[in-house]
Amino acid sequence: MTQPIKELTLLQPDDWHIHLRDDAALATTVPHAATSFNRVICMPNLVPPVKNADDARAYRERIMQQLATSDISAARKATFDPRMTLYMTDHTSVQDIEIAAKSGIVQAVKLYPAGATTNSADGVTDILACADVFAAMEKYNLPLLLHGEVTHAHVDIFDREKRFLDEVLGKIIASFPTLKIVLEHITTSDAADFVLAQGNRIGATITPQHMMLNRNDMLLGGIKPHMYCLPILKRATHQQALLAVATSGSPKFFLGTDSAPHATDKKEAACGCAGCYSSATALPLYATAFDSVGKLDKLEGFTSRFGAEFYGLPVNTNTVTLINTPMQIPTHYPYFNGSTLTPLMAGETLPWSIKD
Ligand code: NCD
Ligand code: ZN
């Protein structure tokens, strides 16, 4: 009989989709991210958004200043590498793309359909009208990161991702045959199948919550606001399909936590914010999900290889060790201005932890 795995050493993971926020929030989010990840793709949905290379450079400097004063090891500080994204608006120009591509710090362009999610009011109102900008991204090999949901008020919230595949994504892929595209935080078997059916320039990120939870977890026996994110958790069959593709060894699927902090009082409210905070415990969460289907041998590809390969970046050479010792997810972390941050699955015990 094979012995259960006690320790698992992985090439250091990268997080290809994270929200670090800005200013005082960085004191919490930066050390959490830097403890587990080398490269992090920083989402640009600040207020106001990161719209051009100058904004991106200034934001990266604020992150690096925070890193310098954070209480984490020198080794983790040395390898942490925030990669920036531009927030695409109706006014993004070909010149913005050209300058960003040549800046050396902008890794991708993020497209939020207007009104899709937190801080997306400046998002694109007519995606199919962005042809010149997509063509410029194609020319300069700058990937397009998509929040893949349609936003028309009459479309049911559970159908928004599928409608985006059917009505928008297929057209973009057909019109820009060499544009690299990441369908971010996929939530349905439809999205998984769609991505599998495309060539290798189309990839997808998957969050811990969409692999581990479904809408019953969020809604049965009382509403759990800390499980509410967008795109919203779907039914169990979708959760199972996402876990299956993530653990399949397909290089099209890679780690993107979508860790998206909102203070506890903004989540536990009459109109609660969308976003789950998972950054500090993401590696134990993903390990627990992979272990639940006996696929720990597939974890490293998902966490540490496939994203880098998709972006054409070198795979990390340093490592992190996970250990099969239970850990309790903190009930909350201190956040700025005396507020707190409640993480995903707060207070629950996971079988895996990060070895010191
Ligand atoms: C994100 C946020 O809070 O910035 N929220 C979320 O529910 N995922 C935005 C996003 O990625 O959609
Ligand atoms: Zn996000």
Side-chain angles (χ1 to χ4, degrees), residues 14-23 25-26 28-29 32-33 37 40-50 59 82-88 107-124 143-151 157-158 160-161 164 181-188 191 203-213 215 217-218 223-234 242 254-269 271-279 282 285 307 335-336 339 341-345:
D14 303 301
D15 188 348
W16 302 102
H17 182 131
I18 191 169
H19 301 264
L20 294 175
R21 309 300 189 209
D22 204 355
D23 301 326
L26 297 175
T28 302
T29 59
H32 283 174
F37 301 105
V40 292
I41 294 241
C42 302
M43 289 296 121
N45 61 333
L46 308 181
V47 186
V50 177
Y59 182 31
R83 302 281 172 127
M84 312 317 289
T85 54
L86 295 193
Y87 184 116
M88 192 165 158
Q107 192 73 54
V109 176
K110 178 69 190 267
L111 191 159
Y112 295 96
T117 185
T118 305
N119 302 339
S120 63
D122 295 322
V124 172
L144 173 65
L145 313 185
L146 287 172
H147 183 110
E149 292 193 285
V150 300
T151 54
I157 189 168
F158 292 102
R160 289 175 167 222
E161 185 174 271
F164 187 87
I181 299 175
V182 184
L183 191 56
E184 300 284 351
H185 41 52
I186 60 169
T187 66
T188 57
T205 52
I206 307 183
T207 73
Q209 63 266 28
H210 292 105
M211 276 185 209
M212 299 182 80
L213 303 169
R215 63 198 197 183
D217 296 305
M218 179 174 58
I223 190 161
K224 321 291 192 311
H226 301 293
M227 294 182 185
Y228 172 60
C229 68
L230 292 171
I232 199 164
L233 295 174
K234 306 298 192 300
L242 296 170
F254 40 87
L255 186 158
T257 60
D258 193 22
S259 185
H262 295 274
T264 303
D265 63 309
K266 300 283 191 299
K267 297 277 301 168
E268 298 174 6
C271 185
C273 294
C276 299
Y277 189 69
S278 63
S279 187
L285 286 166
Y335 203 32
F336 64 91
S339 66
L341 193 52
T342 303
L344 180 69
M345 297 169 64

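Each ligand, and each atom within it, is numbered from 1 in the order the structure gives.
Close contacts between ligand 1 and L230 involve ligand atoms 6 (C), 7 (O), 8 (N), 12 (O) [criterion: under 4.0 Å to a heavy atom]. Against a heavy-atom cut-off of under 4.0 Å, T118 is close to the following atoms of ligand 1: 2 (C), 3 (O), 4 (O), 5 (N). Listed by number with element, the atoms of ligand 1 under 4.0 angstrom from any heavy atom of G275 are 5 (N), 6 (C), 7 (O). Residue-ligand proximity, C229 to ligand 1, at heavy-atom distances under 4.0 Å covers atoms 7 (O). When each atom of ligand 1 is checked for a heavy atom of H147 under 4.0 Å away, the hits are 12 (O). Counting atoms of ligand 1 from 1 in the listed order, those under 4.0 Å from a heavy atom of H17 are 11 (O).
Heavy-atom contacts from other residues, nucleotides or ligands closer than 6.0 Å to NZ of K224 number more than 12.
Under 3.5 Å, the side chains of H17 and E184 contain a donor-acceptor pair of N or O atoms.
Ligand 1 lies within reach of N45, whose nearest heavy atom is under 4.0 Å from it.
H210 has its ring centre no less than 6.0 Å from the ring centre of H185.
Of the protein's non-hydrogen atoms, T117 OG1, 2.7 Å is the one closest to atom 12 (O) of ligand 1.
When only interatomic distances are considered, the shortest N/O to N/O separation between A260 and ligand 1 does not fall below 3.5 Å.
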